[in-house]
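Here is the structure we will look at.
Not measured: the values here are computed from a predicted model.
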Amino acid sequence: MSSDHRKHARRSSPYSRQPSGSRSRPQHKPSFASSSAPNLQVHHTIPPSTPTRPTTLACPFYKLNPSTYQSCARVKLSKISYVKQHLVRHHTAPLHCPRCLEIFSAFKDFDAHLRQEKRCEERPGRVEGITEAVRERLSRRSDHSVDEAEQWRDIWKIVFGGEPPASPYVDLDLPEEINWYNDYLFSEVPARLSEMDVSQSLAERREFVLCTVEAVARDWKSLWQQGKITAL
């Protein structure tokens, strides 16, 4: 063996002499945990969440009379508390006499009206908007044992009484005109059907219903043509 081969064998041999003070360390085979191995991670598949329905809670006054309160259809009310807040801020009845329904801009004028010797005459009807008594009831905590749709219907009963509409929502996926048309139908048709003569035959009542729906649709179209129903 040549001198060069002997030197190379001494350098590469695992039994070569170690430097003084050092200990021989066992050689380990690479494992998957080594830095040179690919970083294997377990990914847990998380099912996608159910997409949120593109709806907003409606203003009760808009549901009551869509043609009058059309602007309220644009208000986004994502919580029951926002519905109550909207009612207080935008639908509180103006200061008025509960007998003659005269509206006052200043409390001193209202107070003078109540103190006058000659009592005002009582007039039928009411001033639209929520009263102080209704505001006090709305300030109470909602019943969280029921869902938000039922909580909204409770608000309707406090403000208006009677049976609330089937849906408390406005569908944001639909064009605004379609929402207004739907809500106008659901607002107007039941009121007009209450005039139906129940003693009529089934065919006559069916004809009355069809004529009523057609009349409501024509009225909505007339409002639209007059520019009273416009998109944003």
Problem set entry | Candidate pair H90 and C59, rule side-chain contact (heavy atoms from CB on, under 4.5 Å), full reasoning | CA-CA 10 Å; H90 299 281; C59 165; over 6 Å; no
For this session: Report the distance from atom CG of L64 to atom NE2 of H91, rounding to the nearest 0.5 Å.
Result: 10.5 Å
Exercise. Does the side chain of E102 reach to within under 4.5 Å of the side chain of H96, using non-hydrogen atoms?
Worked result: no
Exercise. What distance separates T55 OG1 from D171 CG, expressed to the nearest 0.5 Å?
Worked result: 7.0 Å
Seminar exercise, completed: Nearest heavy-atom approach of C97 to C100 is SG-N, 3.5 Å
Exercise. Would you say Y169 and L57 make side-chain contact, with heavy atoms under 4.5 Å?
Worked result: yes
For this session: Using the side-chain contact (heavy atoms from CB on, under 4.5 Å) rule, take H144 and Q151 through it: C-alpha gap first, then chi angles, then the decisive distance, then the call.
Result: CA-CA 8 Å; H144 292 286; Q151 292 177 43; 3.9 Å; yes
Problem set entry | Short side-chain to backbone donor-acceptor contact, W152 and A58, under 3.5 Å | yes
Problem set entry | Smallest separation among heavy atoms of D197 and R205, with atom names | O-CG, 4.0 Å
Problem set entry | Close side-chain approach of P168 to R153, heavy-atom, < 4.5 Å | yes
Problem set entry | Check: K84/S142 side-chain N/O donor and acceptor closer than 3.5 Å | yes
Problem set entry | E204 versus S201, side-chain donor and acceptor atoms under 3.5 Å | yes
Exercise. Going hydrophobic residue to hydrophobic residue with side-chain gaps under 4.5 angstrom, can you get from L101 over to V134?
Worked result: no
Seminar exercise, completed: For R141, the salt bridge (charged side-chain N to carboxylate O under 4.0 Å, His left out) test, sequence neighbours excluded, returns none
Problem set entry | Pair F61-I130, side-chain contact (heavy atoms from CB on, under 4.5 Å): steps then yes or no | CA-CA 10 Å; F61 278 87; I130 62 173; 4.1 Å; yes
Problem set entry | pair R123-R99: side-chain heavy atoms closer than 4.5 Å | no
Seminar exercise, completed: Scanning both residues in full, the closest heavy-atom pair of M196 with V209 reads SD-CG2, 4.3 Å
Exercise. From I158 CD1 over to E136 CD, what is the distance, rounded to the nearest 0.5 angstrom?
Worked result: 9.5 Å
Exercise. Any side-chain heavy-atom pair from E163 and P190 closer than 4.5 angstrom?
Worked result: no
Exercise. Would you say E121 has more than 12 foreign heavy atoms packed within less than 6.0 Å of its CD?
Worked result: no
Exercise. Are P94 and V127 close enough that some pair of their side-chain heavy atoms sits under 4.5 Å apart?
Worked result: yes
Problem set entry | Close side-chain approach of K63 and W156, heavy atoms under 4.5 Å | yes
Exercise. Looking only at heavy atoms, which two atoms of T68 and N65 are closest? And how far apart?
Worked result: OG1-ND2, 3.0 Å
Exercise. Is the backbone N or O of V189 less than 3.5 Å from a side-chain atom of T212, with the two atoms forming a donor-acceptor pair by type?
Worked result: no
Seminar exercise, completed: Sorted by chain and number, sequence neighbours left out, salt bridge (charged side-chain N to carboxylate O under 4.0 Å, His left out) with R206 holds for none
Seminar exercise, completed: Nearest heavy-atom contact between V83 and P60 is CG1-CD, 3.9 Å
Seminar exercise, completed: Shortest non-hydrogen pair, I155 vs L138, comes out as CG2-CD2, 4.0 Å
Exercise. Members other than L95 in its cluster, when Ile, Leu, Val, Met, Phe, Trp, Tyr link by side-chain heavy atoms under 4.5 Å?
Worked result: F104, F107, F110, L114
Problem set entry | K79 side-chain N/O to E148 backbone N/O, donor-acceptor pair under 3.5 Å | no
Exercise. According to a 4.5 Å side-chain heavy-atom criterion applied to Ile, Leu, Val, Met, Phe, Trp and Tyr, with indirect links allowed, do L87 and Y82 form part of one hydrophobic cluster?
Worked result: yes
Problem set entry | Separation between CD of E132 and OG1 of T92, rounded to the nearest 0.5 Å | 7.5 Å
For this session: Evaluate salt bridge (charged side-chain N to carboxylate O under 4.0 Å, His left out) for D219 paired with R192, printing each intermediate quantity in order.
Result: CA-CA 13 Å; D219 291 346; R192 301 191 192 187; 2.7 Å; yes
